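Report on the following structure.
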Amino acid sequence: MRLPKALIALSLALASAAYDGPAASAAEDFFGPHASNHTNNWAVLVCSSRYWFNYRHMANALGMYRTVKRLGIPDSNIILMLADDAACNARNPYPGAVYANAGRGLDLYGDNIEVDYRGYEVTVEAFIRLLTGRVPPGTPRSKRLLTDDRSNVFVYLTGHGGNDFLKFQDNEEISAFDLADAVETMWQKKRYNELFLMVDSCQATSLYSKFYSPNILATASSQVGENSYSYERDADIGVFVIDSYTHFVLEFLEQMNKTSHATMQDLFSKYNFKQIKSNAGVRSDLFPRPLDATRLTDFFGGVAQAEVVDAALGLGDGGSTLSAPNVAQDTAWNEHHEEQEPAAEDEADPELRPEGFRMGSVVVGLAALAGLLGSAVWGV
Amino acid sequence: MESWITPSSLAILRVLVALAPLPDLSQFVHQLATPLTAFPRLKEGVFLYKNAINPYSGGPFRHSPIQLLLFSTILPTGPLAPLLWAAADILGAWCLVQIFRIRGGSIDASRERQIALFYLFNPYTFLSTTALSTSTFDNALYMLAVLFACKRRPAASMLALAVLTTSSLTSLLLLPPLALLLISSPKSGLLYPQPFTAKLQSTVPVVARYFAYLVALAAVSTLVVGDWSWVARTWGATLTLPDVTPNPGLWWYFFTEMFDHFRPFFLMVFSVHLIAYVAPICLKFQHDPLFATVVLQGLFATFKAYPSLADPGLFVNTIAIFPEVFPYLRHPVVTTMLHLYSSLLLVLFHNLWLVQGTGNANFYYASTMVFGLANGFAVTDLIWAGLRAAFGRIPDGWEVTQT
């Protein structure tokens with residue numbers, strides 16, 4: 001008799017599972033058949049050039065930074081790597097400001113940006129260590145990519161590049177093979193859910209041509225053998241202020257906000273040679289979802305996780321989870337430490353222990369010099 | 001020339017200049033202070049030594065132990081130091097005038113005044129002295145060595161050269177021409193070259209004396225320091241170039257960008273390059289070893305490991321004692337212009353690279369290469385003039401051929 005009851009219970013459970021209540025249908029709407037299952041967003045924005053004449057690469061990265069922040073990724077989830085030598089450059093007629101358009105409409109530098117890796121910290125080694133998580137001990141949180149297996153990571157690279165490489169800081173290169181291996185390391189360490197790579201440089205598609213890990217979507221500004229071009233120059237700044245591809249992408253993203261349902265396919269189908277001045281490429285063979293179901297905000301925007309709780313939580317009474325610092329323990333530690341110090345001194349390097357000025361040898365040396373001088377001058 | 005510009009008044013002027021607070025501005029300048037000669041490093045070493053720490057156990061000190069000994073006991077490193085440096089410069093100028101007289105070029109006092117003026121106020125050596133670079137003492141010792149060689153006093157000359165070698169290893173290569181000078185005459189042989197008649201065996205006691213002095217000085221150095229660490233840090237620096245601080249020379253940039261695999265080979269090449277000049281110049285100018293000495297010093301100034309502006313400055317000063325070759329210099333104006341140009345460029349690009357940060361090392365290295373070109377021009381022009389002087393004025397219709 002128990003078996004039929006179990007069978008009935010099972011079938012009821014299955015039926016209730018199949019029943020779509022109102023909350024369930026809303027959830028289903030949101031997640032959809034091809035919805036992304038990430039829970040947090042990270043962005044790694046790298047400008048790999050330095051010097052004044054690469055102003056536009058700095059502006060590229062800063063423009064992308066502003067957009068990504070506007071669409072919801074917080075500074076704590078953005079790693080911005082810049083040489084940061086444009087805004088306060090002696091040649092900048094607008095000190096402390098970086099503009100991305102000819103009329104200098106919007107200052108991208110402002111006073112509210114957080115550059116995580118600046119100046120000479122932006123190296124190939126730093127970038128690969130950041131991606132793979134093998135940063136030196138003592139690296140602050142703001143310089144670590146603390147992604148997990150539910151993170152969607154947006155990696156944006158801009159600078160001077162060539163076939164299978166991107167030039168870093170005018171003295172080294174990252175190769176497409178290194179990048180592919182770094183991303184594979186990320187996959188093995190479960191450091192991303194989906195990764196979206198965007199590259200704006202010459203021959204940029206070569207940088208994503210070597211990937212072999214799953215869940216990667218990539219797009220780039222120009223094909224192998226093709227240059228990427230800058231967009232416009234500001235007459236007063238005197239250099240080119242933005243690149244065509246990034247300008248195109250940023251203009252597209254400017255039309256949307258956090259709640260937009262615009263998809264990757266919308267962006268990619270708008271690529272045209274006339275505006276970008278090069279043949280932009282897309283690589284989606286490693287990406288599991290269809291591009292018309294992948295939202296731009298899956299990568300460009302931040303997912304804010306809100307957990308609605310019905311019950312009220314009491315704070316402070318009934319014992320808090322944080323214990324007061326154990327003062328007694330601290331004193332004991334201090335005493336222990338003080339005891340250590342005199343002992344350490346005795347074990348100092350014996351060679352450095354003061355012996356006294358080498359008076360004897362100095363006097364003998366001077367006498368010897370005098371003797372040599374005498375023998376030379378008065379003839380021997 | 002004005003009559004008030006006597007060598008003694010110049011000396012007084014030089015001493016007055018020494019009293020001005022110029023060292024503060026210039027003692028760190030890379031053009032004037034190299035890792036082997038910089039005054040701050042000397043003070044650091046003296047301080048460490050006085051506090052019973054071996055200054056050669058790492059750190060920036062690369063001066064010779066003899067300098068360490070003298071500056072930590074009897075020579076001043078404080079406010080009186082500029083006077084000492086001025087005195088060394090005056091000594092060098094006096095030596096140069098004496099050499100000029102011995103060579104027989106001194107017709108009247110005006111030429112001597114010019115020589116003293118140019119030695120004391122040549123910007124290259126003058127600035128090096130105000131920067132309290134120990135290359136001033138190197139220059140003074142070189143002048144003493146040459147003077148005693150002209151006076152046929154081998155002991156004094158070799159002692160001066162040996163002391164010079166302890167602080168500048170490249171000076172070892174000046175032994176052959178000085179030895180030749182000691183056994184022959186300092187008189188001008190450029191216009192009427194005679195074959196070398198003195199017996200080469202007579203250089204053997206001279207060379208032996210030099211090495212004896214060198215060994216004695218090395219022994220004193222080891223006694224002063226306490227162990228042999230000074231050898232690797234001073235002489236070893238010239239041979240292995242551990243410190244690639246920028247200077248107006250040609251070695252540092254080469255070795256900053258070189259893979260370690262090739263470093264020993266190229267260090268050997270650069271050192272052998274210096275050695276390679278000695279025999280040809282001595283052979284070619286055997287009729288005038290003093291000229292050979294000056295030419296070699298000029299070559300070393302261009303191509304040595306850690307030159308400063310004082311080394312080519314010394315070369316420029318010493319060519320004043322060869323007025324017989326001046327009519328035969330082919331491009332003195334070009335050389336002068338190159339020197340002016342490169343000295344401006346050195347300062348400019350150094351600032352652009354290391355102060356403003358808008359340039360990079362290539363800028364400064366380009367300016368050192370122009371400087372090297374200027375020095376090379378000077379040396380090759382002098383060599384040409386020295387050889388050409390033997391032919392004298394060629395009358396119209398005549399030609400010089402080689403059979």
Side-chain angles (χ1 to χ4, degrees), chain A residues 49-55 58 82-93 95 118-122 160 167-173 237-239 348-380, chain B residues 46-55 57-58 65-75 144-145 148 151-163 166 205 209-210 212-227 229 257 352 355-362:
Chain A
S49 307
R50 57 169 31 238
Y51 301 129
W52 175 248
F53 45 82
N54 292 320
Y55 185 104
M58 218 74 62
L82 298 177
D84 206 9
D85 61 354
C88 297
N89 197 306
R91 295 160 76 166
N92 191 349
R118 68 188 303 272
Y120 286 109
E121 293 168 348
V122 181
H160 289 287
K167 193 160 87 158
F168 259 70
Q169 299 275 342
D170 211 31
N171 68 352
E172 54 180 356
E173 298 162 357
I237 296 176
V239 288
D349 193 344
E351 283 175 11
L352 293 177
R353 197 178 304 143
E355 289 165 337
F357 184 45
R358 301 176 60 91
M359 205 43 159
S361 34
V362 160
V363 169
V364 174
L366 280 173
L369 275 182
L372 281 173
L373 195 64
S375 78
V377 171
W378 286 286
V380 159
Chain B
V46 166
F47 174 80
L48 287 173
Y49 190 66
K50 284 186 175 166
N51 285 288
I53 298 170
N54 182 358
S57 62
I66 304 295
Q67 284 172 342
L68 178 68
L69 171 67
L70 291 172
F71 279 99
S72 58
T73 48
I74 50 179
L75 294 180
L144 278 172
F148 286 131
K151 285 189 170 185
R152 296 272 193 127
R153 295 179 63 178
S157 174
M158 289 299 109
L159 178 63
L161 189 65
V163 176
T166 59
R209 189 181 281 273
Y210 169 76
Y213 280 137
L214 199 58
V215 165
L217 286 169
V220 168
S221 305
T222 312
L223 179 68
V224 162
V225 176
D227 56 21
S229 54
E257 60 172 9
L352 216 58
V355 176
Q356 290 193 25
T358 52
N360 56 39
N362 296 316

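Just so you know, these numbers come straight off a predicted model, no measurement behind them. Chain letters run A, B, ... following the sequence lines, proteins first and then strands; every chain starts at 1.
- The OG1 atom of B:T358 sits 11.0 Å away from atom CG of A:D85, with the distance rounded to the nearest 0.5 Å.
- Residues B:V163 and A:L372 fail the side-chain proximity criterion, which asks for heavy atoms closer than 4.5 Å.
- Heavy atoms of B:V225 lying under 4.5 Å from chain A belong exclusively to its backbone.
- For the pair A:L366 and B:V220, the minimum side-chain heavy-atom distance is 4.5 Å or more.
- In this structure, A:V364 and B:V224 have side chains that are not in contact, with every pair of non-hydrogen atoms separated by 4.5 Å or more.
- Surrounding CZ of B:F47 are at most 12 heavy atoms belonging to other residues, nucleotides or ligands under 6.0 Å away.
- Taking each heavy atom of A:V362 and B:L69 in turn, the nearest pair found is O-CD1, 3.6 Å.
- Within the 4.5 angstrom heavy-atom criterion, atoms from both the backbone and the side chain of B:L223 approach chain A.
- Here the closest heavy-atom approach between residue B:Y213 and residue A:S375 is recorded as OH-OG, 3.3 Å.
- Residue contact with chain A, scored on non-hydrogen atoms closer than 4.5 Å, is absent for B:L68.
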